[in-house]
*Asks:* 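Following this message is one structure expressed as structure tokens.
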Amino acid sequence: MNIIVTGASKGLGFATVKAFAEDTDHQIIAVSRNRKLLDQLKNECLEKNPQAKVFPLALDLVSSDLLMELLPFVRQHFQSLDILINNAGLLINEPVTELSDADFDRIFDTNVKTVFKLVRDLKPVFSKGSHIVNISSMGGFQGSVKFPGLSLYSASKGALAVFTECLAEELKAFGISVNCLAIGAVQTEMLQEAFPGYKAPLNPDQMAGYLKEFAQTGHHYFNGKILPVSLSTP
Ligand SMILES: NC(=O)c1ccc[n+]([C@@H]2O[C@H](COP(=O)([O-])OP(=O)(O)OC[C@H]3O[C@@H](n4cnc5c(N)ncnc54)[C@H](OP(=O)(O)O)[C@@H]3O)[C@@H](O)[C@H]2O)c1
């Protein structure tokens, strides 16, 4: 399958690319801003599977023109796109009174606007039967326990969830399914910074295993769904 994973330089995205790269029949474009970490990811994949096909692309998804900088790269490597995992994300943990307008823009640009841009600009290359998986959070899941400091982050993840529902309706005519996973705590840098000392029940490799499976088969059972994937909250 032809796969794009955003936010691939660390945490869940890094582990997800590694999981897909174990299988020789997958080709993965791995996107984030940090070229060095993406090269490290490619090397780790090749160590595990010398036939791994990982194509790193250093790109700031917020500021880039994706039609100019991503679409040609995708066309160069893929005939069409089967899976897009919108995993790149930003969390700022601050009380609402401490958050600036710029913080608002950074959070919503990273967690919502980039997904809008990716789906809009990659639309011509999605295959019939393709699957877009948006990575949301339990913080953005209606009725879940909420935490002080995460207001904008959680609101952006809630927006991503509703965007998923709407996208699925629009894209079903083209054979493209869209689902949203509201994930619980996974032991990554983002979690460590937001909740220092907290020990998550899952490591990135464990969640990546589920994500790999869901991205390939989940759209045979779900479309336009917001699914909580959580052993705990957060
Ligand atoms: N960890 C958890 O407990 C948890 C819980 C619920 C939801 N989530 C969600 O799961 C996803 C992955 O989280 P994580 O914990 O693995 O976070 P992480 O370790 O902080 O990784 C975030 C990734 O996003 C990339 N990124 C951020 N801004 C970007 C931009 N403008 N352009 C391109 N890439 C960008 C970062 O790469 P660069 O810095 O190299 O650009 C990095 O690879 C996020 O959407 C997060 O909100 C995580």
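First listed ligand is number 1; within each ligand, the first listed atom is number 1. When a residue number appears, it is its place in the shown sequence, counting from 1.
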*Asks:* Which protein residues have a heavy atom under 4.0 Å from ligand 1?
*Replies:*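 Close residues (ligand 1, cut-off 4.0 Å): G7, A8, S9, K10, G11, L12, S32, R33, N34, L59, D60, L61, V62, N87, A88, G89, T110, I135, S136, S137, Y153, K157, I183, G184, A185, V186, T188, M190, L191.
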*Asks:* Counting only heavy atoms from other residues, nucleotides and ligands, does the tally under 6.0 Å from CG of D25 exceed 12?
*Replies:*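 More than 12 heavy atoms, drawn from other residues, nucleotides or ligands, come within 6.0 Å of this atom.
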*Asks:* A185 and Y198: which non-hydrogen atoms are nearest, and at how many Å?
*Replies:*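 Distance-wise, the nearest heavy atoms are CB-CE2, 3.7 Å.
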*Asks:* Test the K128-F174 pair against the cation-pi criterion, namely NZ or CZ under 6.0 angstrom from the six-membered ring centroid and within 45° of the ring axis.
*Replies:*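 No, a cation-pi geometry is absent between K128 and F174.
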*Asks:* Check whether any side-chain N or O of K42 sits under 3.5 Å from a backbone N or O of A52 as a donor-acceptor pair, and report yes or no.
*Replies:*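 No: the side chain of K42 does not pair with the backbone of A52.
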*Asks:* Could you work out, with salt bridge (Lys or Arg N to Asp or Glu O under 4.0 Å) as the rule, every residue matching D39, not counting sequence neighbours?
*Replies:*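 With sequence neighbours excluded, D39 shows a salt bridge (Lys or Arg N to Asp or Glu O under 4.0 Å) to R35, given in chain and number order.
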*Asks:* Looking at M138, is its backbone amide N or carbonyl O close enough to the side chain of S144 to form a donor-acceptor pair, meaning the two atoms are under 3.5 Å apart?
*Replies:*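 Yes, the answer is positive, given that a donor and an acceptor are paired below the 3.5 Å cut-off.
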